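Remember, predicted model here, so these are calculated numbers, not experimental data.
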Amino acid sequence: MFLRWLPFFLVWVAVIAGLMWSAPVVPLPSFISGPSWVLCAFLMPLAAFLVPACWRIPRNERKLTWLAVPTFLAGVALALMAGAVGADLAWDERGRSTQAEVVAVDKGKTDRCTLRKADGEEISPDLREGNGCDGGVRPGDVLSVRYDPEGGVDPTVESGKPGKSRWGLMAGPAGLAVAFVVFGASGAVRMDRRRRQHDRT
C-alpha cells in the first residue's frame, strides 16, 4: 500500500520544490513567481494533506486527518527551503555588488527603499525592510548592496558574513522531501486501512 501512494507524494515534492527553486533561478516572471509562494508554501501542502483524508476517510472518522499534519508542515518547510536554495544559486550565478543611493523610502506595513546605481539605473525590485531598508535609512543614503540584474532575487544590504556551503543548503530540502513523502504515504496507508475496517463493519 505504501508504494501505491509513493508516486502521488513524489509528484507533489517535484512540483513544490521545482517551482520554488526555479522561481529565482530561471527567473520566472513576477506574475508566476509571486503567487508561487502562496501556491507552493500553502495550497499544495494543504492539498496533499486533504486529498487522502477526504478521499479515503469516512466522514464520521475524519479525526484521523491529524495523520496528515506532518505532511503539511514538511511541505511548507520544503517550499521555503527550496526557494532559499534557488535564491542562493541565483546569487552565485548572477549576483552583483554595487553602491546604490536610496532615492525614496516607502513607509508602510513593511518599508521599501527604491535604489539607484551610480549610472542612474534603478535596481528592481525594491529593497525590502528585512533586507536592509530599516527605520534608519533615509533618501540620499548610499548603501552597499548585492542585487540580481534580472530581478529574480530581492536585493540585500551586504553584511560581509560568509554564506553557507551549497551542500549544507541542499541537505535541508532533501531531508524535508523525504519526510514529506514518508509521512504522506504512511499516513495515507493508515487511512486506507481504517477505510477498509469501516467498510467491513
Side-chain angles (χ1 to χ4, degrees), residues 12-45 73-177 180:
W12 281 112
V13 163
V15 173
I16 292 172
L19 185 55
M20 290 299 294
W21 178 86
S22 61
V25 172
V26 173
L28 297 177
S30 59
F31 68 88
I32 297 176
S33 61
S36 69
W37 283 93
V38 176
L39 182 66
C40 295
F42 180 72
L43 294 180
M44 286 186 179
L73 296 178
V76 172
L78 171 63
L80 297 177
M81 292 199 70
V85 171
D88 182 72
L89 181 60
W91 277 133
D92 285 350
E93 293 185 350
R94 302 191 304 267
R96 301 288 185 272
S97 296
T98 189
Q99 297 289 312
E101 180 185 359
V102 179
V103 296
V105 178
D106 181 15
K107 298 288 187 180
K109 291 184 178 179
T110 58
D111 295 347
R112 300 173 69 93
C113 297
T114 302
L115 303 177
R116 184 171 56 204
K117 298 188 295 181
D119 61 6
E121 179 185 359
E122 287 192 0
I123 294 175
S124 180
D126 291 341
L127 181 69
R128 297 176 184 269
E129 183 174 332
N131 292 339
C133 184
D134 301 318
V137 178
R138 299 286 184 269
D141 290 350
V142 177
L143 305 175
S144 296
V145 297
R146 188 165 176 79
Y147 73 101
D148 175 8
E150 296 187 25
V153 185
D154 289 340
T156 183
V157 171
E158 292 191 302
S159 64
K161 295 180 181 179
K164 296 181 180 179
S165 70
R166 180 64 49 78
W167 290 111
L169 287 170
M170 291 297 293
L176 288 167
F180 180 87

Undergrad: Could you check whether any side-chain heavy atom of E129 comes within less than 4.5 Å of a side-chain heavy atom of R112, counting everything from C-beta outward?
TA: no

Undergrad: Could you pull out the closest heavy-atom pair between A87 and P24, with the gap in Å?
TA: N-CG, 3.4 Å

Undergrad: In this structure, which one of I32, L19, V15 forms a side chain to side chain contact (heavy atoms under 4.5 Å, CB included) with L39?
TA: L19

Undergrad: Are any of the side-chain heavy atoms of E122 and T114 separated by less than 4.5 Å?
TA: yes

Undergrad: Is there a donor-acceptor pair closer than 3.5 Å between any side-chain N or O of R94 and the backbone N or O of V25?
TA: yes

Undergrad: Taking all non-hydrogen atoms of both residues into account, name the closest pair between P149 and R96 and its distance.
TA: CG-CG, 3.7 Å

Undergrad: Taking C-beta and beyond as the side chain, do K117 and I123 meet within less than 4.5 Å on heavy atoms?
TA: yes

Undergrad: Does some side-chain heavy atom of V145 sit less than 4.5 Å from a side-chain heavy atom of T156?
TA: no

Undergrad: Looking at side-chain heavy atoms only, is the closest gap between R146 and P155 below 4.5 Å?
TA: no

Undergrad: Rounded to the nearest 0.5 Å, what separates atom CG in D126 from atom SG in C133?
TA: 8.0 Å

Undergrad: So, does D134 use its side chain to make a donor-acceptor pair with the main chain of G136 at under 3.5 Å?
TA: no

Undergrad: What distance separates D88 CG from W21 CH2, expressed to the nearest 0.5 Å?
TA: 12.0 Å

Undergrad: Which heavy-atom pair separates P45 from C40 by the least distance, and what is that distance?
TA: CD-O, 3.1 Å

Undergrad: Quick one: pull up CD1 in I16 and CZ in F180 and give me the separation to the nearest 0.5 Å.
TA: 4.5 Å

Undergrad: Between V157, D106, V105, which is the residue that forms a side chain to side chain contact (heavy atoms under 4.5 Å, CB included) with C113?
TA: V105

Undergrad: How close do A41 and A79 get, heavy atom to heavy atom, and via which atoms?
TA: CA-CB, 3.7 Å

Undergrad: Tell me whether N131 contacts the main-chain N or O of R128 through its side chain, where contact means a donor paired with an acceptor under 3.5 Å.
TA: no

Undergrad: On a heavy-atom basis, which atom in V137 and which in L143 lie closest, and how many Å separate them?
TA: CG1-CD1, 4.4 Å

Undergrad: How far apart are the closest heavy atoms of G140 and E101, and which atoms are they?
TA: CA-OE2, 3.8 Å

